[in-house]
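The block underneath contains the structure these notes are about, expressed in structure tokens.
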Amino acid sequence: MASPKPRCSSFATTSRTHIQPSGVTVDDSYLTEAKSSQNRKFSQRQKTLSCQFSIGGHLSPWPTYTSGQTILHNRKPCSYDYRKRAGSWQQQPLGTTKPRYLEQLENYLRKELLLLDLSTDSAQELRLQPYREIFEFFIEDFKTYKPLLSSIKHQREKIRALEPLKAKLVIVNEDCNERILAMRAEERYEISMLKKEKMNLLKLIDKKNEEKISLQSEVSKLRKNLAEEYLHYLSERDARKILIADLNELRYQREDMSLAQSPGIWGEDPVKLTLALKMTRQDLTRTQMELNTMKANFGDVVPRRDFEMQEKTNKDLQEQLDSLRGDYEEVCKEHEILLQLHMTTLKERDQFYSELQEIQRTSTPRPDWTKCEDVVAGGPDRWQMLAEGKNSDQLVDVLLEEIGEGLLREKDFFPGLGYGEAIPSFLRFDGIVENKKPTKKDVVNLLKDAWKERLVEEQKEKFPDFFFNFLENRFGPGDAMAWAYTIFENIKLFRSNEVMSQFYALLMGKRSESVYIKQKETVVQLLKEMTNADSQNEGLITMENLSTVLKSTFPFKKEERIQELMEAGGWHSNSSNADLLNYHSLFIEDEEGQSMPFVQKLWEQYMDEKDEYLQELKQELGLELHDKVTLPKVREALMNIDPGLDKQTLNSYLSQAFQLPMTELPEEGEEKEEAIMEQLQIALEQLQMIDLRRMGPREQEPAS
């Protein structure tokens, strides 16, 4: 059966549907006409290509190894070469000949591309239209794959339809971000305005309070003046009454004298005079009776003026009595406190006296420390700097450190301590290790770096193991052991150095890491509070601000210890509360890690308070150090001396004291609590290792 000739003439030039890209305007009439033309002629192409699709009712084979041939060649459709190739299709081997349908599609595509007008703005979109038509032919002719190809087409159309939504989403997102920024700016402005209004209201309240106090003082003054004026007017009224009585008496006397001296009086009628005398005597009798009645009725009555004066005197005396009674009660309380203080002082005096006798019995003559000036490196100046503010015990430590430092410099090697169980893990070595001979500054810097790395990691391994791993990472496995021995000998020698002594205590298991971490957090919190108190941000605060910060940070410290911290910070008895202090200077460290007196005093007070806390616990238990103590008794004693303890902190103390994991601690009231016991001395030593501090004030016992 002869193969049908390719019918290229059937692929007529048609108008293509113009897909409008984003931002391009196209005439609606043109689009309508193009779409209708496309729909009419697309059906004709489908019929034509369906006739030319296969040879003998099946698809032409196309081997995969002919992929080197290009699909499009620069040949014109319906050319002679094309017909020749089409006519000889059956003569060529099936493994190398293109399918006729593929060639027809290529020719149609090439023809359509040549007929395009690429000078318009939508040239790229028009260029895609022939490919879309080819894809439509594939969908219609390949019935088996039509659902899959149709779904691909529909998905592409959905993607193209969603592109404007994506741009709109970006615009909406930017609009929302702008609205959020505007709302945040408006909120910041409102917050600032509310803060200003708050400050103005606070100032207004202070002003009103001052006016109220002033008005109260003025009212009290006016009341006092009114009372004085009232008494004055009472006195004036009584004096006026007395004066009127005296004037009447003088007038009556003058009338009597005028009657007695008048010569015509004797010329009166005796009967008339007798009648007048009788009437006068009756009046005198009546008046005498009224006078007696008045005396009987008002003989015990006090004059109002005297009553008011006595009432005022009584009120003043009552106020004085109340004031004296309050003063008496205060004096009684102070007397009781002084009695208690006196008893405490007597006990301390007896204790100090016994200690003095013991010291006098066992002590040796006080050494002359000036002899060390010529022995210590640096001469008298350096010795005076080292010995400043230290007692004999501390001076002995300083002298031992100076001697030990010289001996340590002379050593070139350290003997290994072996692999015994009592040897710390970072020192287990058998042989000789080199002395690296670092300076104190180098050792302190190395220890600080180790602390920084320890605080960053999760602290899963023990501290000695971490320290040795740190040295291996820093100096390599070959020198790690030499550096471990060198640093250990240095921190064991220089006990007066804060960084070295604390690191030595951690390595030897005498102190927990929580002590160091909590102390650093306390110092950071103090610096933060002082910075907040520095409203001008000049690095300066007043002594009053320093006192306020210390009392708020350490609410359970005694007043004398707050005073000690103030003095360590630079306050003196002649200082005023308005004196300024550079608070950053309180937290400076020298090159050897030594802190300023303020931080040193803070550490000393912490250790003293921990010792006092443990001493209170021992007194509350009422046991000797060698006695056994149970877990319930320790729990009860801790709650008695520190009622502010929360359950988690209390369990951590008990876990440390009895060396039990917190998960294995029995609940309060369980029977197995009584079975857990430990020697009191060991329990106190275990508590001494951790961060132990008071969580609340101790409840005052009720007065008997």
Side-chain angles (χ1 to χ4, degrees), residues 200-338 576:
N200 293 332
L201 291 176
L202 290 176
K203 291 180 181 178
L204 181 60
I205 290 171
D206 294 338
K207 184 177 179 181
K208 293 297 181 182
N209 288 334
E210 292 176 358
E211 291 179 358
K212 179 182 176 182
I213 294 171
S214 176
L215 290 174
Q216 288 177 350
S217 62
E218 186 175 355
V219 168
S220 61
K221 183 177 179 182
L222 290 174
R223 286 179 177 174
K224 184 178 180 182
N225 293 337
L226 180 60
E228 293 176 354
E229 289 294 328
Y230 181 69
L231 293 176
H232 176 68
Y233 286 131
L234 283 177
S235 301
E236 289 290 335
R237 186 194 66 179
D238 295 339
R240 182 174 176 274
K241 289 181 179 180
I242 295 171
L243 181 60
I244 291 173
D246 293 342
L247 289 175
N248 291 332
E249 183 68 23
L250 289 174
R251 184 167 60 81
Y252 294 151
Q253 291 178 3
R254 187 170 62 251
E255 290 178 354
D256 292 342
M257 290 176 64
S258 63
L259 290 174
Q261 294 175 1
S262 176
I265 195 65
W266 302 109
E268 294 288 338
D269 185 9
V271 177
K272 185 177 181 180
L273 291 175
T274 302
L275 183 60
L277 178 60
K278 184 180 179 180
M279 295 299 295
T280 303
R281 285 177 178 173
Q282 290 178 358
D283 292 339
L284 177 61
T285 302
R286 186 174 62 255
T287 304
Q288 188 67 38
M289 291 177 64
E290 291 179 359
L291 180 60
N292 292 335
T293 304
M294 292 291 290
K295 286 183 178 180
N297 292 335
F298 299 100
D300 298 331
V301 176
V302 179
R304 184 176 183 83
R305 180 183 62 181
D306 296 341
F307 173 75
E308 291 177 351
M309 291 181 65
Q310 291 297 328
E311 187 179 18
K312 182 178 182 300
T313 304
N314 181 52
K315 185 177 180 181
D316 294 340
L317 291 175
Q318 186 66 34
E319 291 178 355
Q320 292 179 7
L321 178 62
D322 294 338
S323 177
L324 290 174
R325 185 179 289 112
D327 295 341
Y328 174 73
E329 292 176 357
E330 290 293 331
V331 170
C332 289
K333 292 180 181 179
E334 293 178 0
H335 177 67
E336 293 178 359
I337 295 173
L338 289 175
S576 65

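Numbers here simply count residues along the sequence, with the first being 1.
Judged as a side chain to side chain contact (heavy atoms under 4.5 Å, CB included), and not counting sequence neighbours, the contacts of Leu215 are Glu218.
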Please evaluate residues Thr280 and Leu284 with respect to the criterion side chain to side chain contact (heavy atoms under 4.5 Å, CB included), reporting the C-alpha separation (whole Å), side-chain torsions for both, the decisive distance (0.1 Å), and the verdict.
CA-CA 6 Å; Thr280 303; Leu284 177 61; 5.5 Å; no
Report the C-alpha distance between Lys278 and Thr274 in whole Å, list the side-chain angles of each, state the deciding distance to 0.1 Å, and finish with yes or no for side chain to side chain contact (heavy atoms under 4.5 Å, CB included).
CA-CA 6 Å; Lys278 184 180 179 180; Thr274 302; 5.7 Å; no
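Rounding to the nearest 0.5 Å gives a distance of 11.5 Å between SG of Cys332 and CD1 of Ile337. Atom-to-atom distance recorded for Lys208:NZ and Leu201:CG is 12.0 Å, nearest 0.5 angstrom. If you take CD on Glu319 and CG on Leu324, they are separated by 11.5 Å, rounding to the nearest 0.5 Å. In this structure, the separation between NZ on Lys312 and CD on Gln310 is 11.5 Å, given to the nearest 0.5 Å. From Arg251, atom CZ reaches atom CD of Glu249 across 10.5 Å, with rounding to the nearest 0.5 Å.
Between Asp322 and Arg325 a salt bridge is recorded (basic side-chain N to carboxylate O distance below 4.0 Å).
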Table please: side-chain donor-acceptor pairs of residues 225-247 below 3.5 Å, with sequence neighbours left out.
{"from": "Asn225", "atom 1": "ND2", "to": "Lys221", "atom 2": "O", "distance (Å)": "3.4"}
{"from": "Tyr230", "atom 1": "OH", "to": "Glu308", "atom 2": "OE1", "distance (Å)": "3.2"}
{"from": "Tyr230", "atom 1": "OH", "to": "Glu308", "atom 2": "OE2", "distance (Å)": "2.8"}
{"from": "Ser235", "atom 1": "OG", "to": "Leu231", "atom 2": "O", "distance (Å)": "3.1"}
{"from": "Asp238", "atom 1": "OD2", "to": "Arg305", "atom 2": "NE", "distance (Å)": "2.9"}
{"from": "Asp238", "atom 1": "OD2", "to": "Arg305", "atom 2": "NH1", "distance (Å)": "3.0"}

In residues 285-293, what donor-acceptor pairs under 3.5 Å come from side-chain atoms, sequence neighbours left out?
{"from": "Thr285", "atom 1": "OG1", "to": "Arg281", "atom 2": "O", "distance (Å)": "2.9"}
{"from": "Arg286", "atom 1": "NH1", "to": "Asp283", "atom 2": "OD1", "distance (Å)": "3.3"}
{"from": "Arg286", "atom 1": "NH2", "to": "Asp283", "atom 2": "OD1", "distance (Å)": "2.7"}
{"from": "Thr287", "atom 1": "OG1", "to": "Asp283", "atom 2": "O", "distance (Å)": "2.7"}
{"from": "Asn292", "atom 1": "ND2", "to": "Gln288", "atom 2": "O", "distance (Å)": "3.2"}
{"from": "Thr293", "atom 1": "OG1", "to": "Met289", "atom 2": "O", "distance (Å)": "2.9"}

